[in-house]
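Input: a single structure, listed below in structure tokens.
Convention: sequence-line order gives letters A, B, ...; per-chain numbering from 1. Keep in mind it's a predicted model, so treat the numbers as computed, not measured.
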Amino acid sequence: MTRSKVVELLNNGNAGDSVTVYGWVRTKRGNKQINFVALNDGSTINNLQVVVDMEKADEAVMKKVTTGAAVAVSGTLTESQGSGQNIELNGESIEVLGEANPEKYPLQPKRHSLEFLREIAHLRMRTNLFGSISRLRHAMIFAVHEFFNSKGFINVHTPIITASDAEGAGEMFRVTTLDAKNPPLTEEGEIDWKQDFFGKATNLTVSGQLEGELAAMAMGEIYTFGPTFRAENSNTTRHLSEFWMIEPEMAFYDIVDNMDLAEEFLKYLIKYALDNCMDDLKFLSQRLQQEEKNKPQAERSMELIEKLEFVLANDFVRLTYTEAINILENSKPNKKKKFQYPVEGFGTDLQSEHERYLVEKHFKKPVILTDYPASIKAFYMKENEDGKTVRAMDILFPGIGEIVGGSQREENLDVLEAKMDKMGVPKEEMSWYLDTRRFGSAVHSGFGLGFERLMLFVSGMTNIRDVIPFPRAPKQAEF
RNA sequence: UCCUCAGUAGCUCAGUUGGUUAGAGCGGCGGACUGUUAAUCCGUAGGUCGUAGGUUCAAGUCCUACCUGAGGAGCCA
């Protein structure tokens, strides 16, 4: 007999069908006459109820059917007499494939704290919550590729090991095969990287953007979707040391085309979740509502599905950095000196509290901020005619902050080189990058979307460590 | 990295101004119940109080250091 998935049986099973299911036991309850086993195989949030007639069942086998055990069940689908489900499986034969000692198995049929589940990340995907998140994450990965593929973008695998340290996107993890205890030294007493595996100092990538630009300047429209590494000592609910980033890069796109694409992309992903993951979203929503009960009314967020639909239905607010500074300067919290960091005109770097005010209080919807001062942004961003600002754009989401950061790129070689000199970026090492401006340069743009931040928004989770299966963060590299 | 808070049973927590033998709920185990939905009811076992020092007649409780975790800030996606 072939194996059926729980999701197929619940959606398309008919009473009378003879089926075999494999899965893990969530709970067992009942009495001497009858037992009910809730079976889950990861294919859906919903469990298949297996009904066992204890007068016919092997008692020794049923004793091993405990929470967490892997079982194979064969039997006949029947319409359920109970109220929690339409269809259930009349279990005629049950085989325990793998026992789970109930005195030692850490997942119990009860609510666990997220902190505890983080400590047992190797098992937490067996919970309803992390099962839902895993399916949702998969759906979002799939939707990313579907979106770009449908628009004719080429997926490019940019290198994970890089030698360039000029991107200025934070601390990097060194990649080396040198003996850590006894590295070869130069005459000056410095580590001699020439003797290392690649003949130079290498790191894990902090961004695929520069290579993405090379590809875009040949293929037109490309995107990358890969792991990214930052060795920053960040201990927050929004940062990981290893995370996944999507970076489209498009030739012949200016900053407005870039914004249009980013907004369309985010909405596509959210719609995909609503269209394909409703069971999981409903569960996540219920969980969120439960959490929010403990919060004061004013701090409660919108119901999850309502929030997703709201973002779909409304245009993102677009405004310049300068306009944002104006709003902030005239805002109540600024006048009442409620901001920890006062807003002091053009040049002020926006702090979390400022971004949150704009998104959560003032506009109450996603905001795209553009035209930041050149002084607070990266060297490769396209300078505006005013000479003061650059064509950068950050998309700010409620509860998350910056979810997308992007820009139109400086395509003029002279301007770019002048900026690199000014900001101390080594031109010689980046000669390969500058070749895109030397030969066939053109207007182009791109952005980076933090995949886990998207997951935070879509799932309603609040800690980024809960939306990636095996989080990497300072002092955390287990599993 | 900085600030704040926390660490007591498998899990979630209570534990008074320092004072006998450290408690509860859930989970586990045993039992009861002919259809349950995180079942219900009865019973039962389960603890190096994060680690190391210190103060004291006496420390889960006070002090110091360290470790771990959470929330916030910075850095950013």
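The shortest distance between side-chain heavy atoms of Leu77(A) and Glu88(A) does not fall below 4.5 Å. Using a 4.5 Å heavy-atom cutoff, the side chains of Trp244(A) and Glu452(A) are in contact. Within the 4.5 Å cutoff, the side chain of Leu350(A) has heavy atoms near those of the Tyr321(A) side chain. With a 4.5 Å cut-off on side-chain heavy atoms, Pro333(A) and Tyr357(A) count as touching.
Rounding to whole angstrom units, CD of residue Glu355(A) and C1' of rG72(B) are separated by 15 Å. Rounded to whole angstrom, the span from the CG atom of Leu107(A) across to the P atom of rG28(B) amounts to 12 Å. Across the protein-nucleic acid pair, Asn31(A) atom CG and rG31(B) atom P stand 13 Å apart, rounded to whole Å. When rounded to the nearest whole Å, the span between NZ of Lys32(A) and P of rU40(B) equals 20 Å. One can place OH of Tyr341(A) at 11 Å from C1' of rG72(B), the figure rounded to the nearest angstrom.
Using a 4.0 Å heavy-atom cutoff across all strands shown, Gly448(A) reaches sugar-phosphate atoms only and no base atom. Backbone-only engagement by Asn463(A) is indicated by non-hydrogen atom pairs under 4.0 Å involving sugar-phosphate atoms exclusively. In this structure, Thr228(A) reaches neither bases nor backbone, as no heavy-atom distance under 4.0 Å exists between it and the strands shown. Contacts of Glu452(A) with the nucleic acid, taken as non-hydrogen atoms under 4.0 Å apart, are absent. Nucleic acid contact class of Lys475(A) (heavy atoms, under 4.0 Å, all strands): sugar-phosphate only. Across all strands shown, Glu353(A) has no heavy atoms under 4.0 Å from either base or sugar-phosphate atoms. Residue Arg118(A) is classed as a sugar-phosphate contact, given heavy-atom separations below 4.0 Å to backbone atoms only. The residue Lys63(A) sits close only to the backbone: its heavy atoms come under 4.0 Å of sugar-phosphate atoms, none of a base. As judged by a 4.0 angstrom heavy-atom cut-off over every strand, Ser234(A) is placed among the base-contacting residues. Residue Ile246(A) is classed as having no contact, given no heavy-atom separation below 4.0 Å to the nucleic acid. Among the protein residues, Pro102(A) comes within range of the sugar-phosphate backbone only, with heavy atoms under 4.0 Å from sugar or phosphate atoms but none that close to a base.
Looking at the side chain of Phe243(A), the nearest of the listed nucleotides rA77(B), rA70(B), rA73(B) is rA77(B). Of the candidate nucleotides rG10(B), rU36(B), rU34(B), rU36(B) has the atom lying nearest to any side-chain atom of Phe36(A).
For rU1(B), its base never sits under 3.5 Å from the side chain of Glu232(A) at any donor and acceptor pair. At a cut-off of 3.5 angstrom, counting only N and O atoms as typed in the model, there is no donor on one side facing an acceptor on the other between the side-chain of His112(A) and the base of rC11(B). Side-chain atoms of Glu103(A) and base atoms of rG28(B) include no donor and acceptor less than 3.5 Å apart. A donor and an acceptor atom never sit less than 3.5 Å apart when one is taken from the side chain of Asn47(A) and the other from the base of rU37(B). The base of rC33(B) has none of its N or O atoms less than 3.5 Å from a complementary donor or acceptor on the side chain of Arg29(A). If you check distances only, the side chain of Glu115(A) never reaches the base of rG71(B) with a donor-acceptor pair under 3.5 Å. Not a single donor-acceptor pair, N or O on each side, falls under 3.5 Å between the base of rU36(B) and the side chain of Gln33(A).
Nucleotides rC29(B) and rG10(B) have their C1' atoms positioned 13 Å apart, rounded to a whole Å. Across rC2(B) and rC62(B), the matching P atoms stand 24 Å from one another, rounded to whole Å. When the P atom is compared between rC42(B) and rC33(B), the two are found 16 Å apart, to the nearest whole Å. One P atom belongs to rA22(B), the other to rG27(B), and the distance between them is 25 Å to the nearest Å. Atom P of rU12(B) sits at a distance of 14 Å from the matching atom of rG50(B), rounded to the whole Å.
For rG25(B), the OP1/OP2 oxygens have no side-chain nitrogen or oxygen of Arg111(A) closer than 4.0 Å.
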### Message
Give the dot-bracket line for RNA chain B from 5' end to 3' end: parentheses for intra-strand Watson-Crick or G-U pairs under 3.5 Å, square brackets for crossings, | for inter-strand pairing, dots for unpaired.
### Response
(((((((..((((.....[...)))).(((((.......))))).....(((((..]....))))))))))))....
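Heavy atoms of other residues, nucleotides or ligands lying less than 6.0 angstrom from NZ of Lys267(A) number more than 12. Remark: His157(A) NE2 is loosely packed, at most 12 non-hydrogen atoms of other residues, nucleotides or ligands lying under 6.0 Å away.
For the ring-ring contact (aromatic ring centres under 6.0 Å, His included) with Phe265(A), the lone residue among Phe316(A), Phe148(A), Tyr223(A) that qualifies is Phe148(A).
Glu146(A) and Tyr272(A) share no donor-acceptor pair across their side chains, judged by distance under 3.5 Å alone.
Side-chain rings of Phe153(A) and Phe147(A) stay apart, their centers remaining 6.0 Å or farther from each other.
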